Amino acid sequence: MMIRVPEGSVIIKEGEANMDMYKIISGNAELYIGYGTENEAILGIKSKDDYFGEMGLLSGGKPSIYTVVAYSEMLLMRVTEADIDEFILKNHSDVYRIMRHMAESMYGFKYGMDMYIKDLEASKNNAYLKDFSGYFAKQFAKYNASGMKNPGLGTGTINYRV
């Protein structure tokens, strides 16, 4: 099913169950974590022929790990659980692209976690004293350091470098 989405619309919201996958026919979308909060971080931009929402569809509707916002007016192909068998039969190359992207994402996540662990070990768990090297390490440091107090700088002072 094709749907039009106006610019600025939230298509998928982080933390909410999602059972649909979308292929971008035209337009662009932004992916965020912490959308609309002080911890907002953009994960990426999706454009023509990219997919999003596959994790929700393939995991049986588990809560979304990101928010997707239409950066411009979009035309999307919506794939629901009822459509997935037919979609797989008719779109072999797209299914392969989705699987490849998911595998690359897992390797990227593993790399980010390895860098984060290495950074924590090197800094002896003093997140506010360390320059972090990996993307996920930087994100985790932001969230972890936001509640930390640096004992060397007085109470209430947060001093993390990202």
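Computed from a predicted structure; not experimentally measured.
With a 4.5 Å cut-off on side-chain heavy atoms, Asp94 and Arg97 count as touching. Residues Glu81 and Leu57 are in side-chain contact: their nearest non-hydrogen atoms beyond the backbone lie under 4.5 Å apart. Using a 4.5 Å cut-off on side-chain heavy atoms (C-beta onward), Met21 and Ile84 make contact. Contact of the Asp49 side chain with the Lys23 side chain is registered, since non-hydrogen atoms from C-beta on lie closer than 4.5 Å.
Under the 4.5 Å side-chain heavy-atom criterion for ILVMFWY residues, no single connected hydrophobic cluster contains both Tyr71 and Tyr51. Residues Ile25 and Val95 are members of one and the same hydrophobic cluster, defined by side-chain heavy-atom contacts under 4.5 angstrom among Ile, Leu, Val, Met, Phe, Trp and Tyr. Leu76 and Ile98 are not part of a single hydrophobic cluster, where members link through side-chain heavy atoms under 4.5 Å apart. At a threshold of 4.5 Å between side-chain heavy atoms, the hydrophobic network of Ile, Leu, Val, Met, Phe, Trp and Tyr places Met102 and Tyr111 in two separate groups. A continuous path of ILVMFWY side-chain contacts below 4.5 Å connects Met55 to Ile88, so both sit in one hydrophobic cluster.
Residues forming a ring pair (Phe, Tyr, Trp, His ring centres under 6.0 Å) with Tyr66 (at least two apart in sequence, or on another chain): none.
Other residues, nucleotides and ligands place no more than 12 heavy atoms under 6.0 Å from the CE atom of Met106. Other residues, nucleotides and ligands contribute at most 12 non-hydrogen atoms within 6.0 Å of the CD atom of Glu86.
Distance OG/Ser59 to CD/Glu54: 10.0 Å, rounded to 0.5 Å. We find the OG-CZ distance between Ser26 and Arg4 to be 6.0 Å, quoted to the nearest 0.5 Å. The distance from the CG atom of Leu31 to the CD1 atom of Ile42 is 8.0 Å, given to the nearest 0.5 Å. To the nearest 0.5 Å, the span separating CD on Glu30 from CD1 on Ile45 amounts to 5.5 Å. The structure places NE2 of His101 at 13.5 Å from OH of Tyr96, a figure rounded to the nearest 0.5 Å. For the atom pair CD of Glu7 and CD of Glu73, the computed distance is 9.0 Å after rounding to the nearest 0.5 Å.
Listed here is the closest heavy atom pair of Pro63 and Gly15: CB-O, 3.4 Å. Contact detail for Val68 and Ala29: the closest heavy-atom pair is CG1-CB, 3.7 Å. Pairing each heavy atom of Ala70 with each of Pro6, the nearest pair is CB-O, 3.5 Å. Between Ile12 and Ser64, the closest heavy-atom pair is CG2-OG, 3.2 Å. Residues Ser72 and Asn28 come closest through the heavy atom pair OG-N, 3.1 Å.
When atom types are taken as modelled, the side chain of Thr67 and the backbone of Glu14 share a donor-acceptor pair closer than 3.5 angstrom. With Asp83 contributing its side chain and Val79 its backbone, the two residues share no donor-acceptor pair below 3.5 Å.
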> Run the side-chain contact (heavy atoms from CB on, under 4.5 Å) check on Tyr22 and Lys46 step by step: do they pass?
Replying inline: CA-CA 11 Å; Tyr22 300 89; Lys46 298 282 188 177; over 6 Å; no
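With respect to Asp114 and Lys118, no salt bridge is recorded, no charged nitrogen being found less than 4.0 Å from a carboxylate O.
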